[in-house]
A.B. asks: 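Quick one: the structure is below, questions incoming.
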Amino acid sequence: MSAAERHIAHLDMDAFYASVELLRYPQLAGQPVVIGGGRRHQPEPQPDGSLRFATLESYVGRGVITTATYAARAFGLHSGMGLMKAAKLAPQTVLLPTDFDEYRRFSRRFKAAVAELAPVIEDRGIDEIYIDLSQIEGVAADHGAAIAAAIKARVKAATGLSCSIGVTPNKLLSKLASELDKPDGLTILREADVESRIWPLPARRINGIGPKAAARLEAECGIRTIGELAAAAPHELIERFGRSYGAWLHAAAHGRDERAVVTEQETTSISRETTFERDLHARRDRALLTPVFTRLCEQLAADLQRHQLEARTIGIKLRYDDFRTLTRVQTLPVATAQPAAIRRAAGECLKRAPLEQRLRLLGVRASSLQPAGTPPPPQPPQTADLFA
DNA sequence: TCTGGGGTCCTAGGACCC
DNA sequence: TCTGGGGTCCTAGGACCC
């Protein structure tokens with residue numbers, strides 16, 4: 001491993017789901033559009049051949065925005081916001097249903113396009129990747145500017161979509177850099193730029209500082225920006241946030257990150273969950289709940305089988321009407337991908353959960369995964385055997 | 001009528017074993 | 001009938017991310 005400076009890119013597709021939908025419905029370009037909710041608001045063909053799109057004002061339900069176009073963001077709409085709340089802010093916004101199959105197709109397409117130019121890619125979900133450019137010839141000359149521009153052009157040619165790229169010496173800085181010039185941005189940063197370009201940003205922008213940590217930093221330390229975090233005494237961060245997280249906060253604020261670009265990652269869990277249209281009572285609404293529960297288990301089993309995996313641990317997740325979340329898991333003696341075995345184990349978990357309160361969500365999860373057909377480890381002898 | 005669905009990683013305590 | 005330290009497995013919850 002050379003000690004030479006690394007060149008790591010972070011590529012983020014711009015408003016990905018919404019941009020894919022705009023390819024399908026170009027007449028919506030420039031309009032406020034959000035993606036989200038169920039399947040009930042498909043565009044309806046009109047007698048004159050045009051399409052009639054649903055708008056937020058007619059939405060009823062518990063869905064959230066998964067992606068908003070930049071025009072919709074101008075109204076204050078953003079991903080994660082409840083659609084009912086969004087409807088109050090901008091009722092005329094077009095609402096399109098989520099079509100994950102289509103987004104996955106475009107995801108594969110843009111990643112394949114990048115791989116033609118730079119094959120060392122770390123998947124970070126459907127719409128973003130890290131790319132290690134360090135081995136690309138001539139990258140040091142311009143710190144990755146030319147190859148990043150070429151990647152942007154190749155993605156655009158392959159998908160019709162724009163993306164934003166940050167290139168820096170590490171993943172942490174690249175993730176920050178890719179956001180600095182969105183949409184259709186290209187930002188090159190070196191370590192010497194951290195003070196001027198990164199330190200003014202809110203600490204919350206750092207990948208790994210979420211709402212809780214950001215609130216504590218501000219309330220307990222008066223820290224709002226990354227620069228203020230960088231100036232904090234390491235031992236104080238460690239006292240407040242623990243040895244591991246405190247030390248990481250300090251390093252992150254100084255733009256230090258040694259993590260490698262990881263090209264292969266094993267799945268550690270698979271889950272299925274659903275939020276009910278109205279809160280259900282475990283006993284009184286049992287007739288409604290039971291088939292949903294069984295179907296989640298069947299879907300989970302199918303997911304496992306599709307991935308050729310088996311699970312040793314099966315768990316459930318409940319969300320109560322007050323949004324508290326509870327989990328129960330059970331580890332089985334033998335791994336399974338069978339719907340009946342999963343249903344049985346999940347049923348045992350459910351017996352150990354309090355069910356007085358109404359539920360808004362029910363989920364089933366498989367973990368301790370292993371390849372299908374892995375021979376079971378030798379079992380400890382049964383009591384009966386010892387005295388046989 | 002606030003708050004989806006799919007993930008990862010970390011912590012912490014108890015059981016059990018050497 | 002005290003006193004250990006370390007290791008693994010399991011469970012529950014929480015923070016965070018896309």
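Residue numbers begin at 1 in each chain, while the letters A, B, ... track the order of the sequences. Note that the structure is a prediction, hence the values are computed from the model and not measured.
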A.B. asks: Does the side chain of Arg343(A) come under 3.5 Å of the side chain of Gln338(A) through a donor N or O and an acceptor N or O?
C.D. replies: no
A.B. asks: For dA12(C) and Thr327(A) - does any side-chain N or O of the residue sit under 4.0 Å from the phosphate oxygens OP1/OP2?
C.D. replies: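 Answer is no, no contact under 4.0 Å.
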A.B. asks: Between dC18(C), dA12(C), dG13(C), which nucleotide has the shortest distance from any of its atoms to the side chain of Asn207(A)?
C.D. replies: dC18(C)
A.B. asks: Could you pick out which residue, Gln330(A) or Arg205(A), lies toward the 5' side of DNA chain C when each is mapped onto its nearest nucleotide?
C.D. replies: Gln330(A)
A.B. asks: Heavy-atom count check: over 12 atoms from other residues, nucleotides or ligands less than 6.0 Å from Arg286(A) CZ?
C.D. replies: no
A.B. asks: Under 4.0 Å between a side-chain N/O of Arg324(A) and OP1 or OP2 of dG13(C), yes or no?
C.D. replies: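 Answer no for this pair, as no side-chain N or O of Arg324(A) is under 4.0 Å from OP1 or OP2.
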A.B. asks: In whole angstrom, what separates Asp12(A)'s CG from dC17(C)'s P?
C.D. replies: 14 Å
A.B. asks: For the side-chain contact (heavy atoms from CB on, under 4.5 Å) test, which of Glu122(A), Glu128(A), Lys171(A) pairs with His10(A)?
C.D. replies: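 The residue from Glu122(A), Glu128(A), Lys171(A) that satisfies side-chain contact (heavy atoms from CB on, under 4.5 Å) with His10(A) turns out to be Glu128(A).
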A.B. asks: Using a cut-off of 6.0 Å, state whether more than 12 heavy atoms not belonging to Arg104(A) lie near its atom CZ.
C.D. replies: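 More than 12 within 6.0 Å, yes.
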A.B. asks: With heavy atoms under 4.0 Å as the rule, sort Lys85(A) into base, sugar-phosphate or nothing.
C.D. replies: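 Counting heavy atoms under 4.0 Å across all strands, no contact is made by Lys85(A).
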A.B. asks: If you look at every strand shown and take non-hydrogen atoms under 4.0 Å, does Val64(A) touch a base, only sugar-phosphate, or nothing?
C.D. replies: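 Base contact.
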A.B. asks: Name the closest nucleotide to the Thr331(A) side chain, picking from dT11(C), dG6(B), dC17(C).
C.D. replies: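 When the side chain of Thr331(A) is considered, dT11(C) is the closest of dT11(C), dG6(B), dC17(C).
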A.B. asks: OP1 or OP2 of dG4(B) less than 4.0 angstrom from a side-chain nitrogen or oxygen of Thr66(A), does that happen here?
C.D. replies: no
A.B. asks: Can you tell me if the side-chain N/O atoms of Lys175(A) get under 4.0 Å from OP1 or OP2 in dC16(C)?
C.D. replies: no
A.B. asks: Can you figure out which of dT11(C), dC18(C), dC17(C) approaches the side chain of Arg204(A) most closely?
C.D. replies: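 My answer, after comparing the listed nucleotides, is dC17(C).
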A.B. asks: From C-beta outward on Thr275(A), which listed nucleotide comes closest to its side chain: dC18(C), dG4(B), dT8(B)?
C.D. replies: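 Comparing dC18(C), dG4(B), dT8(B) against the side chain of Thr275(A), the answer is dG4(B).
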A.B. asks: Round to the nearest Å and state the distance from Asp101(A) atom CG to dG6(B) atom C1'.
C.D. replies: 15 Å
A.B. asks: More 5' along DNA chain B: Arg360(A) or Thr268(A), using each one's nearest nucleotide?
C.D. replies: Arg360(A)
A.B. asks: Round to the nearest Å and state the distance from Gln299(A) atom CD to dG6(B) atom C1'.
C.D. replies: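 Result: 13 Å.
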A.B. asks: As a test of reading the structure: which of dC16(C), dT11(C), dG6(B) is closest to the side chain of Arg272(A), going by heavy atoms?
C.D. replies: dG6(B)
A.B. asks: Determine: side-chain N/O of Ser269(A) to OP1/OP2 of dG6(B), distance under 4.0 Å, yes or no.
C.D. replies: no
A.B. asks: Ignoring hydrogens and geometry, is there a side-chain-to-backbone donor-acceptor pair from Glu218(A) to Ala214(A) under 3.5 Å?
C.D. replies: no
A.B. asks: Once you apply a heavy-atom cut-off of 4.0 Å, does Ile206(A) come out as touching a base, just sugar-phosphate, or nothing?
C.D. replies: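 Here Ile206(A) touches the backbone only, sparing every base.
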A.B. asks: Identify the nucleotide, in any strand shown, that forms a Watson-Crick or G-U wobble pair with dC18(C), with both distances under 3.5 Å; if there is none, say none.
C.D. replies: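 For dC18(C), the partner nucleotide comes out as dG5(B), under the 3.5 Å rule.
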A.B. asks: Examine dT11(C): is either OP1 or OP2 under 4.0 Å from a nitrogen or oxygen in the side chain of Arg312(A)? Give yes or no.
C.D. replies: no
A.B. asks: Using a 4.0 Å heavy-atom cut-off across all strands, classify Ser244(A) as base, sugar-phosphate, or nothing.
C.D. replies: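 Counting heavy atoms under 4.0 Å across all strands, the contact made by Ser244(A) is with sugar-phosphate only.
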A.B. asks: Within 45 degrees of the axis of the six-membered ring of Phe276(A) and under 6.0 Å from its centre: does Arg278(A) put its NZ or CZ there?
C.D. replies: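 Because its charged atom misses either the 6.0 Å distance or the 45° angle limit, Arg278(A) does not stack over Phe276(A).
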A.B. asks: Rounding to an integer number of Å, can you tell me how far Tyr320(A) OH sits from dA12(C) P?
C.D. replies: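 Roughly 12 Å, once rounded to whole Å.
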A.B. asks: Tell me which of Ser271(A) and Glu277(A) sits closer to the 5' end of DNA chain B, going by the nucleotide each one is nearest to.
C.D. replies: Glu277(A)
A.B. asks: If the P atom of dC18(C) is compared with that of dC2(B), how far apart are they to the nearest Å?
C.D. replies: 28 Å
A.B. asks: From C-beta outward on Glu273(A), which listed nucleotide comes closest to its side chain: dC16(C), dT3(B), dG5(B)?
C.D. replies: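 In terms of side-chain proximity for Glu273(A), the closest of dC16(C), dT3(B), dG5(B) is dG5(B).
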A.B. asks: Which one, dT3(B), dG5(B), dC16(C), comes nearest to the side chain of Leu361(A)?
C.D. replies: dG5(B)
A.B. asks: Side chain of Arg352(A): nearest nucleotide among dG4(B), dA12(C), dC16(C)?
C.D. replies: dA12(C)
A.B. asks: For Arg259(A) and dC9(B), give me the distance from atom CZ to atom P, rounded to whole Å.
C.D. replies: 12 Å
A.B. asks: Quickly work out the Arg243(A) CZ to dA12(B) C1' distance and round it to whole Å.
C.D. replies: 18 Å
A.B. asks: I want to check one thing: is the phosphate of dA12(C), taken as OP1 and OP2, less than 4.0 Å away from some side-chain N or O of Arg328(A)?
C.D. replies: yes
A.B. asks: Among dG5(B), dG6(B), dT1(B), which nucleotide sits nearest the side chain of Thr274(A)?
C.D. replies: dG5(B)
A.B. asks: Classify the nucleic acid contact of Arg62(A) as base, sugar-phosphate or nothing, counting any heavy atom under 4.0 Å across all strands shown.
C.D. replies: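 The answer is sugar-phosphate, as Arg62(A) gets under 4.0 Å only of primed atoms, P, OP1 or OP2.
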A.B. asks: Indicate whether OP1 or OP2 belonging to dG6(B) is found under 4.0 Å from a side-chain N or O atom of Arg365(A).
C.D. replies: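 So the side-chain polar atoms of Arg365(A) never come under 4.0 Å of the phosphate oxygens OP1 or OP2 of dG6(B).
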A.B. asks: Separation of Gln370(A) atom CD from dC9(C) atom P, in whole Å?
C.D. replies: 13 Å
A.B. asks: Pick the P atom in dT3(B) and in dC17(C), then give their distance to the nearest Å.
C.D. replies: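 Their P atoms lie roughly 22 Å apart.
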A.B. asks: Measure from CZ on Phe323(A) to C1' on dT1(B) and round the result to the nearest Å.
C.D. replies: 13 Å
A.B. asks: Using modelled atom types and a 3.5 Å cut-off, is there a donor and acceptor pairing between side-chain atoms of His307(A) and backbone atoms of Asp303(A)?
C.D. replies: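 Looks like yes, one N/O pair under 3.5 Å.
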A.B. asks: Taking only side-chain N and O atoms of Arg124(A), does any of them lie within less than 4.0 angstrom of OP1 or OP2 on dT8(B)?
C.D. replies: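 Checking dT8(B) against Arg124(A), no side-chain N or O comes under 4.0 Å of OP1 or OP2.
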A.B. asks: Any donor and acceptor pair, going by atom type alone, linking the side chain of Arg124(A) with main-chain N or O of Ile129(A) inside 3.5 Å?
C.D. replies: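 It does not hold such a pair.
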